> 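This is the structure, below, for whatever I ask next.
Hydrogens, waters and symmetry mates play no part in the numbers below; they use all other heavy atoms, side chains included. Bear in mind that the values here come from a model prediction, so they are computed numbers and not experimental data.
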Amino acid sequence: MIRTRLSSLALLAALAGLYCLSCDNNKDIPPLPPAPTSPGWLEILSVTDTSVTLRWQDLSNNELGFIVYLRTDSVWAARDTTSVNARQVTIGGLVPATPYGFRVTAYNEYGESAPTNVRDVTTNTPALPDPPTNVTVEPLSATTVVISWTGHDNPDSFVVQRRQPPADWLILGRTARNVEQYTDLTTVEQTVYRYRVGAERQTFVVWSDSVEIETPALGAPRPPDSLRIQVVLGVGVILTWRDRSVDEIRFDIKRGIAGLPDNIIASVPANTTTYTDTLTEIGFYYYRVRSANAFGESAWALPVEAEYRFCSDGLIPVCVGNYWEYDVDSADVHSSIRRRVAEDVTFLSGDDYYRIIQSPLFGGQPDSLYYLRNSIGQGTLMEKHPLPATPAPEIMFRYPTGVSGSYYYALGDCVVVLNAYPGISIPIRDTTYTGVVSYQRFFRNGRSIQYWIRPNDVGIVREVENRGGVPPVTIVREVMRYMILNQ
């Protein structure tokens, strides 16, 4: 701010004028007190893109301060004042890469000195960022175009321009330094446009290469893409896709099943990008998605396939549809073949429980044995049938097994680890099973069962059940055939 500095001088001059109206014109008028001496040599100490630092010599002893003058476009104007005895000042707020002139005067209450020498200087040009790269232009509809790019060197902002040849470039808008996308909502159908993006720093802009596109005609929306699926046990198939249009009014979801015609199973509102298909049947499914508006439907997105199964890998791999067939040899019954099947799955409190049924291979009623589930860090758990409202499954087999000879308790029954991981090899019929671990469970009523298990890919390959009695009853079950869908 320029200080008020000559008010006393003006008052003195006015009083002198009034005095002279009545004074004796033949007498001398006393001289006014002197203005300060002009400052000495003005020099430029430093220059930046927005400031200049000046220094001069203070040659007077009666100044009240100094006035700094700045010249732009051949016009001088006072820009700043300093205190008494000052010899240096920094003038800020200048425009980069612009020529300026500077001079300095001293002042007191009696007047202002002559100016110093003039120093001309041009402010620096700031370091400019690299131009934006990877500029892409995507017409989402006849009236909407999305411009995206990659910025560098942290500019102040980005500026987006458009031209319609042969017209000149026009500014569409600006984005913040961390925003690298702009949506043009002012296009018209079947028109050629060129776009470019500038990285802006202060008053300077460096431009990207330009990209040309032609907007489509009014009509059906663009199809979605990037269709993805996520199979969630007990929930179904979750679909997600990318919305590439802005003028759709809905999305249609089509589902196909192997061997059956596909059909539209649902429609969801505009701007939706996810859908959950709740499934209860295992099988192979494929899905497509399309967009639609008042003009018609887009093409279908590329299909994706989902294999929906209820499966749980573990010590005994279980999956809906898995089965094991055992040759049963008993001292008190005729030999027979029994099939155990993972019949279905129930989800309770977020856990999956697989119902295992057993039935004679030829005729006879199936019997629901129990529920199984695998627990990470514990092993295979068993829950009774029917499944209670609040399950409290017992540990059938711990896995990994620890060391041979270790034991634990399950509902009061003692389970001994006979052979620990990584297991042994045992022959059954014409097959030798390797990596087999074994347990023996001693029930409180004196009964016991010994299990041989190949983890993760078969499950129980042999059981020897001792029922006690006189004479003792022993039942041997050895696997003959199996189907494991988990792999």
Side-chain angles (χ1 to χ4, degrees), residues 229-238 255-260 276-287 304-326 337-359 361 366-387 391 393-400 421 423 428 431 433-437 439 451-463 477-487:
I229 61 168
Q230 179 185 8
V231 178
V232 180
L233 193 65
V235 174
V237 176
I238 300 175
R255 180 181 68 200
I257 304 174
L260 297 175
T276 299
D277 184 19
T278 303
L279 296 173
T280 58
E281 299 293 332
I282 64 173
F284 290 89
Y285 300 85
Y286 69 88
Y287 295 88
V304 293
E305 186 178 81
E307 181 181 1
Y308 188 62
R309 289 179 176 166
F310 301 105
C311 292
S312 177
D313 293 321
L315 188 59
I316 301 179
V318 283
C319 186
V320 174
N322 282 6
Y323 69 80
W324 300 262
E325 291 179 359
Y326 294 94
I337 297 175
R338 298 277 171 164
R339 172 178 283 186
R340 292 177 181 172
V341 179
E343 181 73 7
D344 53 38
V345 63
T346 298
F347 293 89
L348 196 60
S349 302
D351 294 325
D352 49 322
Y353 291 88
Y354 297 84
R355 184 169 65 100
I356 306 299
I357 67 171
Q358 178 172 273
S359 60
L361 191 58
D367 176 28
S368 294
L369 297 179
Y370 40 68
Y371 286 92
L372 290 181
R373 69 179 302 266
N374 290 305
S375 177
I376 296 175
Q378 287 186 289
T380 300
L381 308 181
M382 183 182 71
E383 180 60 84
K384 62 186 178 182
H385 180 274
L387 191 67
E394 61 175 293
I395 296 176
M396 286 188 70
F397 310 109
R398 292 191 185 277
Y399 188 77
Y421 178 83
I428 298 179
T431 303
Y433 293 91
T434 60
V436 174
V437 296
Y439 303 80
Y451 299 92
W452 283 263
I453 301 172
R454 191 160 87 169
N456 298 310
D457 65 347
V458 179
I460 300 173
V461 295
R462 175 186 287 163
E463 295 178 2
R477 305 178 185 93
E478 291 185 334
V479 69
M480 298 174 57
R481 289 176 294 272
Y482 57 87
M483 181 175 69
I484 306 297
L485 299 174
N486 300 53
Q487 285 86 7

> Would the distance check show the side chain of Y421 and the main-chain N or O of G435 forming a donor-acceptor pair, the cut-off being under 3.5 Å?
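No, because the side chain of Y421 does not come within donor-acceptor range (under 3.5 Å) of the backbone of G435.
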> When you measure from the centre of the six-membered ring of Y451, is the NZ or CZ of R462 closer than 6.0 Å and no more than 45° off the axis?
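No, R462 does not lie over the aromatic ring of Y451.
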> Would you name the heavy atoms of Y354 and C319 that are closest together and state the gap between them?
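Reported closest heavy-atom pair: CE2-CA, 4.3 Å.
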> To the nearest 0.5 angstrom, please state how far the CE atom of M480 sits from the CD atom of E325.
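These two atoms lie 7.0 Å from each other.
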> Show the numbers, then the answer: is there a side chain to side chain contact (heavy atoms under 4.5 Å, CB included) between V235 and T278?
CA-CA 6 Å; V235 174; T278 303; 5.6 Å; no
> Could you tell me if the side chain of P391 sits less than 4.5 Å from the side chain of E383, heavy atoms only?
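Yes, side chains in contact.
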> According to the interplanar angle, ranging from 0 to 90°, do the rings of F397 and Y439 count as parallel (below 30°), tilted (30 to 60°) or perpendicular (above 60°)?
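The rings of F397 and Y439 sit tilted, inter-plane angle from 30° to 60°.
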> Check whether any side-chain heavy atom of Q358 sits under 4.5 Å from a side-chain heavy atom of P366, and report yes or no.
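Not touching, per the 4.5 Å side-chain cut-off.
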> How long is the span from the CD1 atom in I395 to the CG atom in L381, to the nearest 0.5 Å?
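I395 CD1 to L381 CG: 6.0 Å, rounded to 0.5 Å.
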> Looking at side-chain heavy atoms only, is the closest gap between I357 and D367 below 4.5 Å?
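No, their side chains stay 4.5 Å or more apart.
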> Check the pair L369 / R340 against side chain to side chain contact (heavy atoms under 4.5 Å, CB included), numbers first and verdict last.
CA-CA 9 Å; L369 297 179; R340 292 177 181 172; 4.0 Å; yes
> Is a donor on one side and an acceptor on the other found under 3.5 Å between the side chain of W324 and the backbone of V458?
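Indeed, once roles are kept as given, a pair shorter than 3.5 Å links the two residues.
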> Regarding S359 and R338, do their side chains bring together a donor and an acceptor under 3.5 Å, going by distance alone?
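There is no such pair between these side chains.
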> Got a sec, which residues hit side chain to side chain contact (heavy atoms under 4.5 Å, CB included) with F284, two or more places apart in sequence or on another chain?
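F284 satisfies side chain to side chain contact (heavy atoms under 4.5 Å, CB included) with E305, E307, R309 only.
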> Kindly list each side-chain donor-acceptor pair under 3.5 angstrom involving residues 370-377, sequence neighbours excluded, with atom names and distances?
{"residue": "R373", "atom": "NH2", "partner": "D351", "partner atom": "OD1", "Å": "3.1"}
{"residue": "N374", "atom": "OD1", "partner": "T380", "partner atom": "OG1", "Å": "3.0"}
{"residue": "N374", "atom": "ND2", "partner": "S312", "partner atom": "O", "Å": "3.2"}
{"residue": "N374", "atom": "ND2", "partner": "I316", "partner atom": "O", "Å": "3.1"}
{"residue": "S375", "atom": "OG", "partner": "Q378", "partner atom": "OE1", "Å": "2.7"}

> How about D313 and N486: does a side-chain donor come under 3.5 Å of a side-chain acceptor?
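The criterion, which ignores hydrogens and geometry beyond distance, is satisfied for N486 and D313.
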> Please report the shortest heavy-atom distance between L485 and V320, naming the atom on each side.
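Taking L485 first and V320 second, the nearest heavy atoms are CD1-O, 3.4 Å.
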> Do you know which two heavy atoms are closest between Y326 and I460, and how far apart they sit?
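Shortest heavy-atom separation between Y326 and I460 comes out as OH-O, 2.7 Å.
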> Looking at every heavy atom in both Y286 and I257, which two are closest together, and how far apart are they?
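Residues Y286 and I257, closest heavy atoms: CE2-N, 4.5 Å.
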> Could you pull out the closest heavy-atom pair between R398 and L315, with the gap in Å?
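Heavy atoms only, the tightest pair is O-CD2, 4.4 Å.
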> Is the backbone of L279 close enough, under 3.5 Å, to the side chain of Y285 for a donor and an acceptor to pair up by distance?
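Not at all, since once roles are kept as given, no pair shorter than 3.5 Å links the two residues.
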> Restricting to non-hydrogen atoms, name the atom on Y433 and the atom on I428 that form the minimum distance, rounded to 0.1 Å.
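Nearest pair, atom of Y433 first, then I428: CE1-CB, 3.9 Å.
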> In Å, rounded to the nearest 0.5 Å, how long is the span from CD1 of I238 to OG1 of T276?
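Here the interatomic distance stands at 4.5 Å.
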